[in-house]
Amino acid sequence: AGPWRLASLPQFLRLGSQFTAGPNRPDPLNWPHQMTDPTLSAPLSPDELAAIASLYEAGQYLTAFEATKPHGEFTKWSGPEARVMAGRLAYHLGGFRTSRLLINLAWRQAPENPEVNYYYAYNVLQKRGPWGAWQFLSECGELNSPTDDTRSSWYALIGQVAGLMRDFETAEKWLRKALDVWPDSPW
(Lines give C-alpha, C1' and ligand atoms only; values in the text may rest on other atoms or scores of the structure.)
Protein backbone atom coordinates (compact mmCIF):
# COMPACT_ATOMS: atom_id res chain seq x y z
CA ALA A 1 0.00 0.00 0.00
CA GLY A 2 1.15 3.56 0.51
CA PRO A 3 1.60 6.39 -1.97
CA TRP A 4 3.54 4.22 -4.45
CA ARG A 5 0.54 1.99 -5.20
CA LEU A 6 -0.22 1.69 -8.90
CA ALA A 7 -3.54 3.05 -10.11
CA SER A 8 -6.16 0.50 -11.00
CA LEU A 9 -6.91 0.03 -14.69
CA PRO A 10 -10.15 2.10 -14.63
CA GLN A 11 -8.29 4.94 -12.86
CA PHE A 12 -5.48 4.74 -15.39
CA LEU A 13 -7.93 4.87 -18.30
CA ARG A 14 -9.62 7.94 -16.79
CA LEU A 15 -6.22 9.62 -16.39
CA GLY A 16 -5.39 8.82 -19.99
CA SER A 17 -8.44 10.73 -21.21
CA GLN A 18 -6.72 14.02 -20.39
CA PHE A 19 -4.34 13.37 -23.28
CA THR A 20 -7.00 12.87 -25.95
CA ALA A 21 -8.35 15.54 -28.27
CA GLY A 22 -10.68 18.13 -26.86
CA PRO A 23 -11.84 21.68 -27.51
CA ASN A 24 -8.48 23.18 -26.49
CA ARG A 25 -6.27 20.26 -27.50
CA PRO A 26 -5.47 19.22 -31.05
CA ASP A 27 -6.34 15.76 -32.23
CA PRO A 28 -3.09 13.73 -31.97
CA LEU A 29 -4.13 11.74 -35.04
CA ASN A 30 -4.39 14.98 -37.02
CA TRP A 31 -0.81 16.01 -36.25
CA PRO A 32 -0.22 18.56 -38.99
CA HIS A 33 -3.08 20.68 -37.60
CA GLN A 34 -0.72 23.64 -37.40
CA MET A 35 -0.39 23.65 -41.17
CA THR A 36 -4.07 24.54 -41.59
CA ASP A 37 -4.24 26.80 -38.54
CA PRO A 38 -6.20 29.97 -39.42
CA THR A 39 -3.80 32.02 -37.28
CA LEU A 40 -0.86 31.37 -39.62
CA SER A 41 0.66 34.48 -41.13
CA ALA A 42 0.62 35.12 -44.84
CA PRO A 43 3.63 33.63 -46.62
CA LEU A 44 6.66 35.90 -46.77
CA SER A 45 7.48 37.27 -50.18
CA PRO A 46 10.71 36.06 -51.80
CA ASP A 47 12.19 39.56 -51.33
CA GLU A 48 11.37 39.61 -47.60
CA LEU A 49 12.79 36.13 -47.16
CA ALA A 50 15.93 37.05 -49.13
CA ALA A 51 16.50 40.12 -46.93
CA ILE A 52 16.27 38.00 -43.77
CA ALA A 53 18.46 35.29 -45.33
CA SER A 54 21.17 37.79 -46.28
CA LEU A 55 21.35 39.04 -42.67
CA TYR A 56 21.44 35.44 -41.47
CA GLU A 57 24.21 34.46 -43.89
CA ALA A 58 26.24 37.47 -42.72
CA GLY A 59 26.01 36.13 -39.15
CA GLN A 60 23.80 39.00 -37.99
CA TYR A 61 21.27 36.78 -36.22
CA LEU A 62 19.84 39.41 -33.87
CA THR A 63 19.39 41.90 -36.70
CA ALA A 64 17.73 39.18 -38.77
CA PHE A 65 15.47 38.41 -35.82
CA GLU A 66 14.49 42.09 -35.56
CA ALA A 67 13.66 42.03 -39.28
CA THR A 68 11.27 39.10 -38.70
CA LYS A 69 9.17 40.85 -36.05
CA PRO A 70 6.67 42.42 -38.50
CA HIS A 71 5.86 38.91 -39.73
CA GLY A 72 4.84 37.53 -36.34
CA GLU A 73 6.07 34.57 -34.35
CA PHE A 74 8.14 31.93 -36.14
CA THR A 75 5.61 29.25 -35.27
CA LYS A 76 2.96 31.17 -37.21
CA TRP A 77 4.98 31.38 -40.42
CA SER A 78 3.72 29.38 -43.37
CA GLY A 79 5.44 27.95 -46.41
CA PRO A 80 8.36 25.50 -46.34
CA GLU A 81 11.06 28.02 -47.30
CA ALA A 82 9.95 30.48 -44.61
CA ARG A 83 9.73 27.73 -42.00
CA VAL A 84 13.23 26.50 -42.83
CA MET A 85 14.60 30.04 -42.55
CA ALA A 86 12.77 30.55 -39.25
CA GLY A 87 14.06 27.18 -38.00
CA ARG A 88 17.64 28.02 -38.89
CA LEU A 89 17.39 31.41 -37.21
CA ALA A 90 15.66 29.99 -34.12
CA TYR A 91 18.47 27.43 -33.77
CA HIS A 92 21.16 30.12 -33.76
CA LEU A 93 19.19 32.17 -31.24
CA GLY A 94 18.91 29.25 -28.81
CA GLY A 95 15.43 28.01 -29.75
CA PHE A 96 16.46 24.43 -30.45
CA ARG A 97 13.04 22.86 -29.88
CA THR A 98 11.33 25.57 -31.93
CA SER A 99 13.86 24.99 -34.69
CA ARG A 100 13.14 21.25 -34.78
CA LEU A 101 9.39 21.90 -34.79
CA LEU A 102 9.60 24.33 -37.70
CA ILE A 103 11.83 22.05 -39.76
CA ASN A 104 9.53 19.09 -39.08
CA LEU A 105 6.48 21.12 -40.12
CA ALA A 106 8.26 22.24 -43.28
CA TRP A 107 9.11 18.63 -44.12
CA ARG A 108 5.52 17.50 -43.53
CA GLN A 109 4.35 20.27 -45.85
CA ALA A 110 6.95 19.75 -48.60
CA PRO A 111 8.83 16.44 -48.29
CA GLU A 112 10.00 16.74 -51.90
CA ASN A 113 11.81 20.07 -51.33
CA PRO A 114 15.61 19.45 -51.39
CA GLU A 115 16.48 22.19 -48.88
CA VAL A 116 13.77 21.00 -46.49
CA ASN A 117 15.08 17.42 -46.78
CA TYR A 118 18.60 18.59 -45.96
CA TYR A 119 17.59 20.31 -42.73
CA TYR A 120 15.14 17.55 -41.82
CA ALA A 121 17.99 15.03 -42.16
CA TYR A 122 19.82 16.92 -39.40
CA ASN A 123 16.72 16.59 -37.21
CA VAL A 124 16.69 12.86 -37.89
CA LEU A 125 20.40 12.66 -37.02
CA GLN A 126 19.80 14.45 -33.71
CA LYS A 127 16.70 12.45 -32.85
CA ARG A 128 17.50 8.94 -34.11
CA GLY A 129 21.27 8.96 -34.42
CA PRO A 130 23.55 7.99 -37.32
CA TRP A 131 21.73 4.80 -38.28
CA GLY A 132 18.33 6.51 -38.46
CA ALA A 133 19.87 9.36 -40.44
CA TRP A 134 21.58 6.90 -42.79
CA GLN A 135 18.24 5.19 -43.44
CA PHE A 136 16.59 8.54 -44.18
CA LEU A 137 19.43 9.66 -46.45
CA SER A 138 19.29 6.32 -48.29
CA GLU A 139 15.54 6.67 -48.82
CA CYS A 140 15.99 10.15 -50.28
CA GLY A 141 18.91 9.24 -52.52
CA GLU A 142 20.65 12.08 -54.33
CA LEU A 143 18.90 15.43 -54.17
CA ASN A 144 17.92 17.13 -57.38
CA SER A 145 18.69 20.54 -55.98
CA PRO A 146 19.08 23.49 -58.30
CA THR A 147 21.72 25.06 -56.02
CA ASP A 148 25.28 23.87 -55.58
CA ASP A 149 25.12 24.91 -51.93
CA THR A 150 22.30 22.50 -51.03
CA ARG A 151 23.71 19.66 -53.13
CA SER A 152 27.19 20.06 -51.69
CA SER A 153 25.82 20.28 -48.15
CA TRP A 154 23.72 17.14 -48.76
CA TYR A 155 26.78 15.20 -49.90
CA ALA A 156 28.80 16.48 -46.94
CA LEU A 157 26.03 15.37 -44.58
CA ILE A 158 26.08 11.89 -46.10
CA GLY A 159 29.85 11.87 -45.56
CA GLN A 160 29.44 13.04 -41.97
CA VAL A 161 26.90 10.33 -41.18
CA ALA A 162 29.08 7.68 -42.84
CA GLY A 163 32.00 8.87 -40.71
CA LEU A 164 29.88 8.65 -37.55
CA MET A 165 29.17 5.05 -38.50
CA ARG A 166 32.93 4.48 -38.91
CA ASP A 167 32.71 3.87 -42.66
CA PHE A 168 35.60 6.18 -43.47
CA GLU A 169 36.00 5.08 -47.08
CA THR A 170 32.39 5.99 -47.90
CA ALA A 171 32.70 9.19 -45.87
CA GLU A 172 35.77 10.26 -47.82
CA LYS A 173 34.04 9.53 -51.14
CA TRP A 174 31.01 11.71 -50.27
CA LEU A 175 33.13 14.52 -48.85
CA ARG A 176 35.19 14.58 -52.06
CA LYS A 177 31.96 14.68 -54.05
CA ALA A 178 30.77 17.65 -51.94
CA LEU A 179 34.01 19.50 -52.68
CA ASP A 180 33.70 18.71 -56.40
CA VAL A 181 30.22 20.25 -56.51
CA TRP A 182 31.17 23.42 -54.64
CA PRO A 183 34.93 23.79 -54.20
CA ASP A 184 34.66 27.35 -52.81
CA SER A 185 32.30 26.38 -50.00
CA PRO A 186 33.06 28.18 -46.74
CA TRP A 187 32.05 25.08 -44.82
Side-chain angles (χ1 to χ4, degrees), residues 26-129 132-158 160-161 174 178 181-182 185-187:
D27 181 0
L29 299 177
N30 183 21
W31 154 243
H33 63 279
Q34 292 94 340
M35 292 181 356
T36 57
D37 187 345
T39 62
L40 290 177
S41 66
L44 276 69
S45 73
D47 293 336
E48 292 169 326
L49 204 53
I52 294 167
S54 69
L55 291 169
Y56 173 88
E57 296 296 335
Q60 299 177 1
Y61 306 125
L62 290 175
T63 308
F65 177 67
E66 290 297 323
T68 67
K69 287 190 175 180
H71 306 292
E73 298 175 22
F74 288 159
T75 56
K76 303 293 183 189
W77 286 19
S78 60
E81 293 84 6
R83 283 182 168 155
V84 165
M85 185 71 252
R88 293 172 66 192
L89 189 54
Y91 185 86
H92 285 285
L93 294 173
F96 306 117
R97 291 179 68 191
T98 301
S99 173
R100 283 193 300 269
L101 169 76
L102 291 166
I103 299 296
N104 288 347
L105 287 174
W107 185 77
R108 285 177 177 267
Q109 187 177 5
E112 71 288 343
N113 184 314
E115 187 178 13
V116 171
N117 271 328
Y118 169 68
Y119 289 102
Y120 182 74
Y122 266 107
N123 279 1
V124 173
L125 178 61
Q126 291 174 348
K127 183 78 172 169
R128 296 188 351 213
W134 185 259
Q135 289 175 317
F136 176 75
L137 293 166
S138 298
E139 287 173 15
C140 291
E142 289 201 34
L143 290 186
N144 294 323
S145 174
T147 67
D148 288 344
D149 178 13
T150 303
R151 223 168 344 135
S152 173
S153 298
W154 180 258
Y155 296 154
L157 178 60
I158 294 172
Q160 177 185 355
V161 171
W174 283 102
V181 170
W182 194 21
S185 170
W187 309 114

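Numbering of residues begins at 1 and proceeds along the displayed sequence. These numbers were taken from a predicted model, which means no experiment stands behind them.
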Nearest non-hydrogen partners of [X] and [Y], listed with the distance:
{"X": "Pro80", "Y": "Ala106", "value": "O-CB, 3.9 Å"}
{"X": "Ser78", "Y": "Pro43", "value": "OG-N, 3.6 Å"}
{"X": "Leu143", "Y": "Pro114", "value": "CD1-O, 3.4 Å"}
{"X": "Trp77", "Y": "His71", "value": "NE1-O, 3.3 Å"}
{"X": "Leu44", "Y": "Ala82", "value": "CD1-CB, 4.4 Å"}

Residue from Trp174, Trp182, Tyr118 passing ring-ring contact (aromatic ring centres under 6.0 Å, His included) with Tyr155:
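In the set Trp174, Trp182, Tyr118, the residue that makes a ring-ring contact (aromatic ring centres under 6.0 Å, His included) with Tyr155 is Trp174.
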
Among Thr68, Thr63, Leu89, whose side-chain contact (heavy atoms from CB on, under 4.5 Å) with Tyr56 holds?
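With Tyr56 as partner, Thr68, Thr63, Leu89 yield a single side-chain contact (heavy atoms from CB on, under 4.5 Å), made by Leu89.
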
Quick one: [atom1] on [X] to [atom2] on [Y], what's the gap to the nearest 0.5 Å?
{"X": "Met85", "Y": "Leu55", "atom1": "CE", "atom2": "CG", "value": "9.0 Å"}
{"X": "Arg83", "Y": "Asn104", "atom1": "CZ", "atom2": "CG", "value": "11.0 Å"}
{"X": "Thr98", "Y": "Glu73", "atom1": "OG1", "atom2": "CD", "value": "9.5 Å"}
{"X": "Glu48", "Y": "Ile52", "atom1": "CD", "atom2": "CD1", "value": "7.0 Å"}
{"X": "Ser153", "Y": "Leu157", "atom1": "OG", "atom2": "CG", "value": "8.5 Å"}
{"X": "His92", "Y": "Gln60", "atom1": "NE2", "atom2": "CD", "value": "14.0 Å"}

Walk me through whether Gln160 and Leu125 qualify under side-chain contact (heavy atoms from CB on, under 4.5 Å).
CA-CA 10 Å; Gln160 177 185 355; Leu125 178 61; 4.2 Å; yes

If only atom types and distance count, is the side chain of [X] paired as donor or acceptor with the main-chain N or O of [Y] below 3.5 Å?
{"X": "Trp154", "Y": "Gly141", "value": "yes"}
{"X": "Gln126", "Y": "Asn123", "value": "no"}
{"X": "Ser99", "Y": "Gly95", "value": "no"}
{"X": "Asn117", "Y": "Pro111", "value": "yes"}
{"X": "Ser152", "Y": "Asp149", "value": "no"}

Inspect the contact between Glu66 and Lys69 and indicate whether a charged nitrogen and a carboxylate oxygen are less than 4.0 angstrom apart.
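The answer is yes: the pair qualifies as a salt bridge.
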
Does the side chain of Glu115 come under 3.5 Å of the side chain of Tyr120 through a donor N or O and an acceptor N or O?
no

If you measure only the distance, is there a donor-acceptor pair under 3.5 Å linking the side chains of Thr147 and Thr150?
yes

A side-chain contact here means heavy atoms from C-beta on lying under 4.5 Å apart; do [X] and [Y] qualify?
{"X": "Ile103", "Y": "Val84", "value": "yes"}
{"X": "Gln135", "Y": "Arg128", "value": "yes"}
{"X": "Leu137", "Y": "Val124", "value": "no"}

Describe, in one word, how the ring planes of Phe136 and Trp107 are oriented to each other, choosing from parallel (under 30°), tilted (30 to 60°) and perpendicular (over 60°).
perpendicular

Run the ring-centre check on Phe65 versus Tyr61 and record whether the distance is less than 6.0 Å.
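Phe65 vs Tyr61: aromatic centres not under 6.0 Å.
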
Can you confirm whether more than 12 heavy atoms, excluding those of Tyr91, are under 6.0 Å from its OH atom?
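At most 12 heavy atoms, drawn from other residues, nucleotides or ligands, come within 6.0 Å of this atom.
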
